[in-house]
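Beneath this line is the structure, given in structure tokens, with notes to follow.
These numbers come from the heavy atoms of this one structure, side chains and all, not from hydrogens, waters or symmetry mates.
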Amino acid sequence: MDSPIVTLTTDWGYRDFFAGMVKGRLYSSIPGVRVVDITHGIDPYQLGSAIFVARQCCQEFPKGTIHIIDVKSTYTPMNPHIVAEHNGHFYLCTDNGLPHALFGDDTSHMVALSPSASHEGFGNFAAYDIFCDAAARLAHGASIGELGTPVQNLTRHIPLATTHNGNIYKTHIAYIDAYGNANLTMSYAEFERERQGRKFEMQVHEMNLYELLPNYAGKNEVGNRRAALLLTVSSTGMLQLAIREGSAEQLFGLQVLESITIRFF
């Protein structure tokens with residue numbers, strides 16, 4: 001790219017100086033770089049949320065984009081910092097389960113990063129101490145093979161899969177956005193495949209939902225009240241629990257990882 005793109009997906013929040021430090025180093029070391037904040041709002045150490053966000057966003061950028069994902073990034077010999085090349089994109093992250101979740105078992109285009117001669121700091125701030133230098137080298141034309149040593153095996157990520165016993169299915173809340181909308185691990189396509197035109201009942205705490213609505217303004221069985229929990233489909237293609245102009249998370253106490261039961265009949 002004439003003007004390289006580097007994206008940032010992190011759990012740093014927006015209160016501190018971390019994003020400023022990293023952006024300053026990137027702008028100083030990569031002429032013409034465009035730094036894009038995907039989000040700094042991942043809850044601290046919530047790897048599942050980082051995986052969800054990366055899956056939805058990273059491949060939407062042009063090929064050649066460098067993605068820095070700094071969530072749960074402490075180095076250990078079993079969890080090295082890595083660079084992966086996938087579908088023309090570069091990913092700088094940690095072997096903490098995230099690479100396996102995104103790329104599966106294929107390590108043919110992946111290396112464990114070696115400390116560079118310009119490395120400073122103790123490595124506690126992976127994005128600043130490690131990933132910025134690697135991003136600069138990639139932007140200046142280095143191949144991933146020049147940045148480290150081949151990765152043989154990845155730390156495995158065990159996803160929250162939808163399970164079922166007969167007509168009873170259990171899915172989970174994978175991600176809650178800033179509006180308090182809860183994205184489930186079951187996609188709309190999977191839902192319809194299992195539903196096969198049947199009716200359904202979804203149990204969410206003390207509430208039962210019987211309709212899949214086209215948008216947040218849809219009317220469910222309890223009327224068009226804004227406080228009514230509804231089931232719809234998010235832009236990601238996943239089932240989503242939401243409230244019109246309100247927070248389903250706050251009103252109903254929804255939490256990431258909790259299970260949701262669906263019965264088809």
Do [X] and [Y] have side chains that approach each other closer than 4.5 Å (heavy atoms only, starting at C-beta)?
{"X": "His67", "Y": "Phe61", "result": "yes"}
{"X": "Leu241", "Y": "Met202", "result": "yes"}
{"X": "Gln240", "Y": "Asp177", "result": "yes"}
{"X": "His205", "Y": "Leu254", "result": "yes"}
{"X": "Asp105", "Y": "Arg156", "result": "yes"}
{"X": "Lys23", "Y": "Asp37", "result": "yes"}

Practice task
In sequence, state the C-alpha distance, the side-chain angles, and the governing distance for Thr155 and Asn79, and then conclude on side-chain hydrogen bond (donor to acceptor under 3.5 Å, both in side chains).
Solution key: CA-CA 7 Å; Thr155 298; Asn79 305 110; 3.2 Å; yes
Fill in the blank from the handout: Per side-chain hydrogen bond (donor to acceptor under 3.5 Å, both in side chains), Asn167 is matched among Glu194, Arg198, Arg263 by Arg198
Practice task
Give a yes or no on this: more than 12 heavy atoms of other residues, nucleotides or ligands lie within 6.0 Å of atom CG of Asp16.
Solution key: yes
Problem - Tyr188, OH atom: more than 12 neighbouring heavy atoms under 6.0 Å - result: no
Handout entry: Phe265/Tyr210 aromatic ring centres below 6.0 Å
Key = no
Exercise for the section: Assert yes or no for the condition that the ring centre distance of His86 to Phe103 is strictly below 6.0 Å. Expected result: yes
Any sub-3.5 Å donor-acceptor pair from [X]'s side-chain atoms to [Y]'s backbone N or O?
{"X": "Arg34", "Y": "Ser3", "value": "yes"}
{"X": "Asp129", "Y": "Phe125", "value": "yes"}
{"X": "Thr7", "Y": "Ile38", "value": "no"}
{"X": "His81", "Y": "Ala126", "value": "no"}
{"X": "Tyr14", "Y": "His40", "value": "yes"}
{"X": "Asp106", "Y": "Ser108", "value": "yes"}
{"X": "Glu258", "Y": "Gln255", "value": "yes"}
{"X": "Thr236", "Y": "Met238", "value": "yes"}

Handout entry: Distance under 6.0 Å and angle within 45° of ring axis: Arg25 vs Tyr128
Key = yes
Problem - Closest heavy-atom pair and its distance - Glu190, Ser187 - result: N-OG, 3.0 Å
Handout entry: Considering all heavy atoms, the nearest Leu26-Ala135 contact
Key = CD2-CB, 4.1 Å
Handout entry: Positive for side chain to side chain contact (heavy atoms under 4.5 Å, CB included) with Tyr91, one of Ile69, Thr65, Thr9, Ile68
Key = Ile69
Handout entry: Check against side chain to side chain contact (heavy atoms under 4.5 Å, CB included), Val204 and Phe252
Key = CA-CA 9 Å; Val204 184; Phe252 294 96; 5.6 Å; no
Donor-acceptor pairs under 3.5 angstrom involving side-chain atoms of residues 142-149: please list them, not counting sequence neighbours.
unit_1, atom_1, unit_2, atom_2, d
Ser143, OG, Glu146, OE2, 3.2
Glu146, OE2, Ser143, N, 2.9

Fill in the blank from the handout: Apart from Tyr45 itself, members of its ILVMFWY cluster (side-chain separation under 4.5 Å) are none
